[in-house]
2 protein chains.
Amino acid sequence: MLRQTKKERQRLLSETIAENPFVTDEQLATQFQVSVQTIRLDRMELAIPELRERIKDVASKTYENEVKSLPIDEVIGEIVDIELDNRALSIFDVKEEHVFQRNGIARGHHLFAQANSLAVAVIDDELALTVHSNITFVKPVRAGDRVITKAIVVGRDDENHRTKVELTSTVNGETVFVGEFDMYRTKGKGEQQ
Amino acid sequence: MLRQTKKERQRLLSETIAENPFVTDEQLATQFQVSVQTIRLDRMELAIPELRERIKDVASKTYENEVKSLPIDEVIGEIVDIELDNRALSIFDVKEEHVFQRNGIARGHHLFAQANSLAVAVIDDELALTVHSNITFVKPVRAGDRVITKAIVVGRDDENHRTKVELTSTVNGETVFVGEFDMYRTKGKGEQQ
DNA sequence: GTTGTTATTAGCACTTGGTACTAATATCAG
DNA sequence: CTGATATTAGTACCAAGTGCTAATAACAAC
């Protein structure tokens with residue numbers, strides 16, 4: 001072969017373009033010391049679109065995201081059972097939009113959101129805020145999984161307006177997430193910040 | 001004047017392009033019922049670049065803050081500065097949809113999401129997952145607040161694929177959130193490419 | 001009405017970064 | 001040496017423009 005095998009060049013070409021989609025065929029031709037036509041043949045074989053299309057793709061991806069801001073709304077997960085100041089249960093179906101594209105594992109903050117929502121909901125008070133929490137992601141959760149989260153109120157200190165809630169999330173009976181939440185509540189004694 | 005004053009058309013033109021930078025002069029000409037040349041004169045007077053430049057701008061904005069371990073679109077808040085495996089900074093503007101209607105205080109999981117996203121992003125690895133975290137909501141955050149979150153990688157244990165990241169969020173210089181995140185990463189020592 | 005000014009439209013050459021296609025040449029393997 | 005594969009060259013064409021000149025059109029003022 002010449003300077004480099006075709007295969008090797010195409011491998012590097014893919015990488016180069018992935019790293020910097022803004023590169024033109026001409027620049028690539030110079031870089032790999034081949035003709036522009038060769039680069040074009042390579043792109044065709046590798047099904048890599050032309051510069052403008054690549055840029056457009058990058059741009060439209062950003063644009064979609066800027067518009068939608070955040071998909072987390074009111075309560076994450078559906079509360080199916082609740083006994084105020086005692087315990088609560090919610091269900092959250094993990095979908096494609098909740099997972100990392102790269103590895104299909106649910107982003108931690110969605111599991112946290114479900115737990116946090118439930119911790120807030122279980123407090124029988126007008127105002128409940130999370131003050132502190134200690135959480136562990138035990139096992140990866142994937143799209144299609146149904147996460148069942150259980151909140152149990154384990155302690156209450158009205159002196160300091162605090163309530164402690166323990167959260168456990170499971171998928172098919174297996175624990176995937178555990179957390180301890182310290183919640184602030186107004187009721188009990190007076191003021192608020 | 002004709003159908004519309006020049007001023008009014010140019011005002012709408014700016015708006016239209018701001019809303020959708022992907023529109024061509026021809027489409028604009030049809031929309032405003034004028035010739036393509038008029039649109040071009042308008043763009044020139046308003047100093048609005050051509051379609052391709054606009055798209056390139058949008059694309060490069062995202063690409064500037066390129067993150068190896070994670071496409072930027074999966075991050076809550078905008079990453080404004082990053083030094084992989086060292087530190088990162090993101091900005092998140094709290095809006096009405098992020099707060100409790102009842103008291104106007106931001107829901108904890110939004111702050112967590114920003115912190116968690118940033119903790120994932122700062123890891124220079126293909127796969128980064130939150131394993132454990134200990135967080136404290138120091139002070140309530142409200143709609144309109146601009147939350148600046150800083151992530152600092154404080155420790156790394158490649159034996160166990162773990163990296164510890166410290167997160168601090170501030171609003172107007174005041175700390176509102178702190179957290180310690182234990183992250184899992186695939187690549188251990190010497191496995192960097 | 002005629003004149004002046006601004007606004008609009010038309011047309012042409014040229015640019016970038018390509019596609020699509022054909023044809024020639026180079027390189028290597030058996 | 002021959003055939004397959006790889007590479008290069010060259011042409012016509014496209015989108016979405018820029019830059020330029022020139023012709024109209026619309027309206028306002030005198």
Side-chain angles (χ1 to χ4, degrees), chain A residues 1-68 101, chain B residues 1-68 71-73:
Chain A
M1 282 282 159
L2 286 172
R3 306 161 269 269
Q4 223 176 5
T5 68
K6 187 183 173 183
K7 240 185 179 168
E8 177 66 1
R9 188 190 55 233
Q10 292 193 343
R11 201 182 58 73
L12 288 170
L13 189 78
S14 296
E15 260 180 46
T16 307
I17 294 176
E19 257 170 54
N20 172 26
F22 298 84
V23 67
T24 65
D25 286 357
E26 202 157 307
Q27 292 173 319
L28 290 165
T30 310
Q31 182 177 331
F32 291 103
Q33 289 288 328
V34 292
S35 71
V36 173
Q37 281 79 359
T38 302
I39 296 295
R40 289 183 180 159
L41 279 172
D42 284 348
R43 273 202 299 101
M44 252 162 246
E45 284 180 31
L46 299 167
I48 296 170
E50 62 165 295
L51 169 67
R52 286 158 186 157
E53 290 306 313
R54 293 193 305 261
I55 290 180
K56 211 190 288 174
D57 288 349
V58 173
S60 48
K61 263 179 208 158
T62 350
Y63 221 71
E64 280 166 25
N65 283 307
E66 263 175 48
V67 178
K68 74 176 175 199
Q101 286 146 18
Chain B
M1 284 281 161
L2 285 171
R3 305 161 271 270
Q4 225 176 3
T5 69
K6 188 184 175 184
K7 240 184 178 171
E8 176 67 1
R9 187 191 56 234
Q10 292 193 343
R11 202 182 56 75
L12 287 170
L13 189 78
S14 296
E15 260 180 46
T16 306
I17 293 176
E19 255 171 56
N20 173 26
F22 298 84
V23 67
T24 65
D25 286 357
E26 202 157 309
Q27 293 174 319
L28 290 165
T30 311
Q31 183 178 330
F32 291 103
Q33 289 288 331
V34 293
S35 71
V36 172
Q37 282 78 359
T38 302
I39 295 294
R40 289 183 181 159
L41 280 173
D42 284 347
R43 273 201 300 102
M44 255 162 243
E45 285 181 29
L46 299 167
I48 297 170
E50 62 165 296
L51 169 68
R52 286 157 186 156
E53 289 306 313
R54 293 195 303 263
I55 290 180
K56 212 190 286 175
D57 288 349
V58 172
S60 49
K61 259 179 211 159
T62 355
Y63 230 74
E64 275 166 27
N65 319 318
E66 192 235 347
V67 183
K68 186 175 157 197
I72 207 127
D73 57 36

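Note that the coordinates shown come from a computational prediction; the quantities given were computed from them, not determined experimentally. Throughout, protein chains are lettered first and strands after them, A, B, ... in sequence-line order, and every chain is numbered starting at 1.
- B:R54 places no side-chain N or O within donor-acceptor distance of the main-chain N or O of B:I48, the cut-off being under 3.5 Å.
- When the side-chain nitrogen and oxygen atoms of B:S35 are compared with OP1 and OP2 of C:dT9, one or more of them lie within a distance under 4.0 Å.
- Which of C:dT9, C:dG18, D:dG17 sits closest to the side chain of A:E50 comes down to C:dG18.
- For the pair A:F22 CZ and C:dG18 P, the computed distance is 13 Å after rounding to whole Å.
- A:L51 has its CG atom 14 Å from the C1' atom of C:dT19, to the nearest Å.
- The CD1-C1' distance, from B:I55 to C:dG18, rounds to 15 Å in whole Å.
- At a cut-off of 3.5 angstrom, counting only N and O atoms as typed in the model, there is no donor on one side facing an acceptor on the other between the side-chain of A:R52 and the base of D:dA16.
- Nearest to the side chain of A:Q37, among C:dT16, D:dA6, D:dG10, sits D:dG10.
- Between A:T16 and A:L28, the shortest heavy-atom distance links the atoms CG2-CD2, 4.0 Å.
- To the nearest angstrom, P of C:dA10 lies 13 Å from CG of B:L41.
- For the pair B:E53 (side chain) and B:E50 (backbone), a donor-acceptor distance under 3.5 Å is absent.
- Applying the 4.0 Å criterion to OP1 and OP2 of C:dT9, one finds that B:R40 has every side-chain N and O outside that range.
- Not one side-chain nitrogen or oxygen of A:T24 sits closer than 4.0 Å to the OP1 or OP2 atom of C:dG17.
- Atom P of nucleotide D:dA16 and atom CZ of B:R54 are separated by 11 Å, given to the nearest angstrom.
- In this structure, B:L46 atom CG and C:dA7 atom P are separated by 12 Å, rounded to whole Å.
- Not counting sequence neighbours, B:E26 has no partner by the salt bridge (charged side-chain N to carboxylate O under 4.0 Å, His left out) test.
- A straight line from CD of A:E45 to C1' of D:dT7 spans 11 Å, rounded to a whole angstrom.
- Contact annotation for B:R9: backbone-only contact, meaning every heavy-atom pair under 4.0 Å involves sugar-phosphate atoms and none involves a base.
- For the salt bridge (Lys or Arg N to Asp or Glu O under 4.0 Å) test with A:E45, the passing option among A:R9, A:K6, A:R40, A:K7 is A:K6; the others fail.
- Counting to the nearest Å, the P atom of C:dT9 and the NZ atom of B:K6 are 12 Å from each other.
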